[in-house]
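As structure tokens, the structure follows; a few thoughts come after it.
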Amino acid sequence: MQKINIFDTTLRDGEQSAGVNLNAIEKLEIAKQLERLGVDIMEAGFPASSQGDFLAVQSIARSIRNSSITGLARANKRDIDIAWDALKDSEEPRIHIFLATSPIHMTYKLRKTPDEVLESAVEAVKYAKQRFSHVQWSAEDASRSDKWFLVKIITEVIQAGATVINLPDTVGYSTPKEYGELFSFIRENVPSIDKVILSAHCHDDLGMATANSLAAIENGVRQIEGTINGIGERAGNAALEEIAVALHIRQDYYQAKTGLKLDEIKHTSQLISKLTGMVVPGNKAVVGANAFAHESGIHQDGVLKEASTYEIITPELIGVASNNLVLGKHSGRHAFKQKALELGFELTPEKLKDAFDSFKALTDRKKEVTEDDLFAILTDKQTEQIDVKTYELQSVQVQYGTNNIPTATVVVKSPNGSVLEEAGTGAGSVEAIYNTLSRMIDGPVELKDYKLHSLGSGRDALADAFVKVKFSGVESGGRGSAQDVLEASAKAYLNAINRVIVHEEYKKEKLQV
């Protein structure tokens, strides 16, 4: 049984999804959950891209001990130096250097000849090898590159010290047969290929990222790169949970396995969906809400008689509890703390108290509190920024009638401590709230996107709102959860504003230092 290393790039390639902007606290929380999931390598970011990314990578490198932390770098000394500064305190520092090798990229993007690209790649790997024991080199757009040029450049970078060679299908162009054959060709024609681990990184533009990744495994690849929930640029990346479960279910065929704790998949998927604001489609393989639902009468009959007739994956395999009810209104603080630890949350005493108070308030209004509800409360509190003064929603009231103009009255505590009260109208209830809030905020706000979905089922399910706004010239995403959809919507709007305020305060601090 071959061991396949899992290289998770949720925090780097995944965060490049349109509309996603995670702060340092959220990135660290995701990193901790990925560590619990058991990923072998975690790409924490692109340290040279910004000061914020550098500090987030540095924080993760200093905190995570059971996964190897890596950062992305272009093939130049500046990027490599910055990556080293961010990663040097990690348990096992490694670097991921990339350089395009396809004719279209070399001609139009890099404006370099193949010989110049080869020289740059070799110099970068040699330089990185002076500090990093693990150097991964990626041939960007490998699936559209000349195979013999790949043989030449891979041979040279291995000689320069590369320990992992990644051949990404950067634009999701390849088919499983073509992608598998590419790795076979490289294995047959690069004489020193047995000295390195081959890695596959697939995008899903044509819907074949998971299939291409599995084809790569069939052709000698021992590292798979991807993201949780398949998030990423454009149509996203290969979904790691799909690959891990496919290898588990079809061990007979692939003769390969990962080291992932499969029963942590559901929680990991939930956390990333909530923090990124990217809702998992109901029909998404493995983690979708309908993955274990059966509508057809024939299917229902078969499953009732024998689950394996139509279920090849059990809910328990990925961590979906058969009984989703967790705590009730009579549950105490100790039981609440233990359940939080079970779910992977280690809150400070102050945040634990706030989370428990929110839980008790929910039990007064909701008959049955589920694990999904608790997960939402704990996530909000764990990622809450409490060291910067921001806007705080105190109350929201909406008057609505089919023949009347919706009117919202909102009370907000401002960052300077004053209490603001304002009323406004809109075409609908949410617009009335947002029009009112925008008048209370110090600066123009432009709403870019708004999404709403329920956490769990039933008429008393929590609502989860996500917004994207432009405030002070910065695009920001915000989240809010509440039983009432209007309260959740107001919280999400202020959360998006507050994230910009926190970011600006943080920048001021760094400039003063």
Mutual orientation of the aromatic rings belonging to Tyr450 and Tyr434 [parallel < 30°, tilted 30-60°, perpendicular > 60°]: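 It falls in the perpendicular class, over 60°.
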Show the nearest heavy-atom pair for residues [X] and [Y], with the distance to one decimal.
X      : Y      : result
Ala100 : His105 : CB-CB, 3.4 Å
Arg74  : Phe46  : NE-CZ, 3.8 Å
Ser489 : Val430 : OG-CG2, 4.1 Å
Ser133 : Pro93  : OG-O, 4.2 Å
Leu455 : Ala376 : CD1-CB, 3.5 Å
Ala355 : Leu378 : CB-CD2, 4.1 Å

Taking the side chain as C-beta and beyond, is there a heavy-atom pair between [X] and [Y] under 4.5 Å?
X      : Y      : answer
Phe54  : Asp85  : yes
Leu362 : Gln483 : yes
Ile228 : Leu34  : yes
Glu123 : Lys77  : no
Tyr127 : Asp81  : yes
Thr268 : Glu241 : no
Leu352 : Phe345 : no
Ile41  : Asn5   : yes

Side chain to side chain donor-acceptor pair (under 3.5 Å) between Thr383 and Glu29, intermediate numbers included: CA-CA 7 Å; Thr383 57; Glu29 198 58 35; over 6 Å; no
Salt bridge [X]-[Y], side-chain N to carboxylate O under 4.0 Å:
X      : Y      : value
Lys353 : Asp357 : yes
Glu242 : Lys284 : yes
Lys27  : Asp53  : yes
Lys339 : Glu371 : yes

His267 and Arg36: CA distance, side-chain angles, deciding distance, side chain to side chain contact (heavy atoms under 4.5 Å, CB included) verdict: CA-CA 10 Å; His267 280 164; Arg36 284 188 286 270; over 6 Å; no
Intermediate values then yes/no, side chain to side chain donor-acceptor pair (under 3.5 Å), Gln136 and Glu43: CA-CA 11 Å; Gln136 173 169 322; Glu43 189 168 45; over 6 Å; no
Just wondering, are more than 12 heavy atoms of other shown residues or ligands nearer than 6.0 Å to [atom1] in [X]?
X      : atom1 : answer
Lys129 : NZ    : yes
Arg111 : CZ    : no
Asp263 : CG    : yes
Leu341 : CG    : yes
Gln338 : CD    : yes
Lys451 : NZ    : yes
Lys360 : NZ    : yes

In Å and rounded to the nearest 0.5 Å, what is the [atom1] to [atom2] distance from [X] to [Y]?
X      : Y      : atom1 : atom2 : result
Met440 : Ser414 : CE    : OG    : 9.0 Å
Ser476 : Asn495 : OG    : CG    : 7.5 Å
Phe7   : Ile224 : CZ    : CD1   : 12.0 Å
Thr409 : Ile433 : OG1   : CD1   : 10.0 Å
Leu447 : Lys468 : CG    : NZ    : 10.0 Å

Pair His134-Glu92, side chain to side chain donor-acceptor pair (under 3.5 Å): steps then yes or no: CA-CA 8 Å; His134 294 284; Glu92 186 185 55; 3.2 Å; yes
Can you tell me if [X] uses its side chain to pair, donor with acceptor, with the backbone of [Y] under 3.5 Å?
X      : Y      : result
Thr10  : Gly14  : no
Ser438 : Asn435 : yes
Ser63  : Ser59  : yes
Asn498 : Leu494 : yes
Ser273 : Ser269 : no
Glu431 : Ala427 : yes
Glu91  : Asn66  : no
Thr227 : Ile231 : yes
Ser67  : Glu35  : no
Thr436 : Gly424 : yes

Residues Thr379, Gln270; criterion side chain to side chain contact (heavy atoms under 4.5 Å, CB included); working and verdict: CA-CA 10 Å; Thr379 302; Gln270 281 181 304; over 6 Å; no
Residue pair Asn416 / Ser418, side-chain donor-acceptor N/O under 3.5 Å: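 The answer is yes; a qualifying pair exists.
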Step-by-step side chain to side chain contact (heavy atoms under 4.5 Å, CB included) determination, Gln399 to Asn404: CA-CA 9 Å; Gln399 290 181 313; Asn404 298 320; over 6 Å; no
Salt bridge (Lys or Arg N to Asp or Glu O under 4.0 Å) between Arg12 and Glu225, intermediate numbers included: CA-CA 11 Å; Arg12 199 276 301 170; Glu225 305 184 14; 5.9 Å; no
For His201, the option from Thr170, Asp13, Thr9 that meets side-chain hydrogen bond (donor to acceptor under 3.5 Å, both in side chains):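 That would be Asp13.
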From CA spacing to verdict: side chain to side chain contact (heavy atoms under 4.5 Å, CB included), Arg479, Leu275: CA-CA 8 Å; Arg479 306 178 313 277; Leu275 294 183; 3.5 Å; yes
Identified side chain to side chain contact (heavy atoms under 4.5 Å, CB included) counterpart of Val485 within the set Asp464, Leu462, Leu452: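 One option only clears the test, and that one is Leu452.
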